[in-house]
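Remarks on the structure that follows.
For reference, positions follow the sequence shown, starting with 1.
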Amino acid sequence: MEFPGRGAPYTVRDLAEATGVSRSQIGRLLTGDLTNLDVNDAHAVAEALGVAVLVLFVPPVSPK
């Protein structure tokens, strides 16, 4: 992850350590293989990244 909401770069490992969410789950979120997350974990990830929880689960923008 290059630039989360606070502008600081994170690795999957950094984010997992900061949130208590497993590296596997973080990786699967990034690839889209995981589309839901426990509400407490979602809030922890959003807080660490400095974004709203909804930002984590917004579908990608269509090119059209």
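- In terms of the side-chain contact (heavy atoms from CB on, under 4.5 Å) criterion, residue partners of A16 (sequence neighbours excluded) are, by chain and number, R23, I26.
- Counting only residues at least two apart or in different chains, side chain to side chain donor-acceptor pair (under 3.5 Å) contacts with residues 12-21 comprise T11-D14.
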Check residues 33-40 and write down every donor-acceptor pair under 3.5 Å in which the side-chain atom is one partner and the other belongs to a residue at least two apart or another chain.
from, atom 1, to, atom 2, distance (Å)
D33, OD2, T31, OG1, 3.2
D38, OD2, N40, N, 2.9
D38, OD2, D41, N, 3.3

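- Partner of L15 under the side chain to side chain contact (heavy atoms under 4.5 Å, CB included) criterion, chosen from V45, V21, L30: V45.
- Side-chain atoms of Y10 come within 3.5 Å of backbone N or O of A48 as a donor-acceptor pair.
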